[in-house]
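This report concerns only the one structure given below.
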Number of protein chains: 2
Amino acid sequence: MDKRELLLQAATKLFVERGFHATPTSAISKEAGVSAGILFHYFKTKDDLIVQLYVDLKMEFTDCVLKDVDTLKAGISKLRLIWTNSWKWGLENPKKFDFLRQADNSTYSEKIKSHPDIVKKYEWFFAYIDTYKENRFIKNTDTLFIMNVMFGLITSMVNQLRLNPKLENDSLFLEQAWEMFYNCLKP
Amino acid sequence: MDKRELLLQAATKLFVERGFHATPTSAISKEAGVSAGILFHYFKTKDDLIVQLYVDLKMEFTDCVLKDVDTLKAGISKLRLIWTNSWKWGLENPKKFDFLRQADNSTYSEKIKSHPDIVKKYEWFFAYIDTYKENRFIKNTDTLFIMNVMFGLITSMVNQLRLNPKLENDSLFLEQAWEMFYNCLKP
DNA sequence: TTTTAAATTGACTAATCAGTCAACAAAAGT
DNA sequence: ACTTTTGTTGACTGATTAGTCAATTTAAAA
């Protein structure tokens with residue numbers, strides 16, 4: 001298997017379990033089952049590995065969030081699909097989701113803001129939100145604020161479903177949670 | 001001045017600026033203007049310092065959040081005061097707020113969950129939310145979920161006001177933001 | 001004043017860590 | 001077959017780090 005991928009997987013696991021501060025590169029290569037030196041073949045520095053992993057996962061998440069969204073006609077159902085896609089990805093990829101949470105709230109969040117791929121994806125997402133605002137599906141307030149609020153609510157949703165997995169099939173709870181999400185955003 | 005306090009202040013600043021992983025104890029004592037050894041007089045280990053700082057700040061925040069709340073009669077105005085107190089504290093104490101965000105999303109969040117003071121404060125807050133549910137001021141859903149959602153929305157609010165400080169005095173925006181907060185929680 | 005306890009220093013150490021490198025292996029190209 | 005490039009190893013190193021400690025100062029108690 002691709003050793004770069006093995007390293008990224010191992011890094012995700014260890015960073016979430018122990019934090020950036022307590023995860024030496026030696027532990028990462030050991031967990032990945034590769035030699036210590038190879039890490040620096042694929043990544044210039046430890047920081048470089050973290051940033052690449054961060055960008056990779058952010059792209060994976062946003063890609064998944066927008067999955068099948070274009071198959072639906074414009075409307076609130078699109079927003080609901082984005083909502084569902086988001087928390088489902090969080091449940092299916094707990095380690096990756098936790099890594100993103102940790103990185104988003106660390107000093108690394110600054111370091112990826114100017115990354116071309118990230119900038120592009122965000123512009124795309126911004127345009128999406130803007131059309132929603134124009135169509136009066138959501139509040140006409142700052143786009144970044146809206147995005148922030150959305151991700152915050154989705155994170156709470158993932159936390160809640162993790163603590164109580166049964167709720168994932170509890171349509172009453174799902175309706176209530178969606179109501180909270182949409183009531184918050186609607187004009 | 002109290003050297004323990006100096007160390008905690010320096011630690012808050014550096015952890016936010018550089019992260020846990022890139023802040024050696026030597027840098028903390030240097031920033032605090034004290035000798036390297038004294039840190040280990042007040043704190044058993046570096047981890048102990050982080051946990052104590054984390055608990056201290058969490059207590060300070062929750063204390064401030066509930067400030068003057070008891071002077072108001074029961075009702076939505078109480079909830080609004082909690083909301084205002086929260087984001088105002090975040091604006092007035094940016095470093096502390098950022099530390100809490102970072103710590104809440106790191107491995108340290110697990111380490112303080114069983115701390116007696118924290119447990120007590122949370123029980124108090126939980127009881128508060130429960131009475132709100134009983135009085136039909138907010139949705140009747142899991143209390144922890146509600147708390148999570150509240151803090152998430154407050155974090156977004158602080159971010160937004162930081163990027164655009166003028167909004168703090170923009171009553172139109174404040175009403176809109178409060179509307180988002182309350183619409184999300186109301187039954 | 002004398003004695004005891006607590007605070008503070010900074011040089012020191014043992015351990016750890018990020019990153020290097022020479023050697024070797026595998027794959028790809030010619 | 002032969003050459004070149006790329007991937008891989010693991011021992012090694014220089015720098016850094018958390019934490020110690022004997023010595024000194026400051027404060028408190030008797």
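Residue numbers begin at 1 in each chain, while the letters A, B, ... track the order of the sequences.
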Can you tell me if the side-chain N/O atoms of A:Ser35 get under 4.0 Å from OP1 or OP2 in D:dT8? no
Out of C:dG19, C:dC17, D:dA18, whichever nucleotide has its closest atom nearest the side chain of A:Ser26: C:dC17
Send over the distance from A:Leu49 CG to C:dC17 C1', rounded to a whole Å. 15 Å
Tell me if the centroids of the rings in B:Phe99 and B:Phe61 come within less than 6.0 Å of each other. no
Distance from B:Leu100 atom CG to B:Tyr54 atom OH, nearest 0.5 Å? 7.0 Å
Nearest-angstrom distance from the residue atom OH of B:Tyr42 to C1' of D:dG19: 17 Å
Atom CZ of A:Phe40 to atom P of D:dC12: distance rounded to whole Å? 18 Å
Go through C:dA18, D:dT9, D:dA18 for me and flag the one nearest to the A:Val34 side chain. D:dT9
Is A:Phe43 touching bases, backbone alone, or none of the nucleic acid, heavy atoms closer than 4.0 Å? nothing
Rounded to the Å, how far apart are A:Lys30 NZ and D:dA11 P? 13 Å
Taking atom types as modelled and ignoring hydrogens, do the side chains of A:Asp98 and A:Gln102 form a donor-acceptor contact shorter than 3.5 angstrom? no
Testing D:dT8, D:dA18, C:dT20 for proximity to the side chain of B:Lys46, the answer is D:dA18
Rounded to whole Å, please give me the gap between NE2 in A:His21 and C1' in D:dT17. 14 Å
When you check the phosphate oxygens OP1 and OP2 of C:dA7, does a side-chain N or O of B:His41 lie under 4.0 Å from one of them? yes
Under 4.0 angstrom, heavy atoms only, what part of the nucleic acid is A:Lys3 near: base, sugar-phosphate, or nothing? sugar-phosphate
Using a distance-only test with no angle check, is there a side-chain donor-acceptor pair under 3.5 angstrom linking A:Thr12 and A:Lys96? no
Could you check how far CD1 of B:Ile38 sits from C1' of D:dT25, rounded to whole Å? 12 Å
For A:Asp47 and C:dC17, what is the distance between atoms CG and P respectively, to the nearest whole Å? 16 Å
Whole angstrom is fine here: how far is it from CG in A:Leu39 over to C1' in C:dC21? 16 Å
A:Trp87 and A:Trp83 aromatic ring geometry - parallel, tilted or perpendicular at 30°/60° bounds: perpendicular
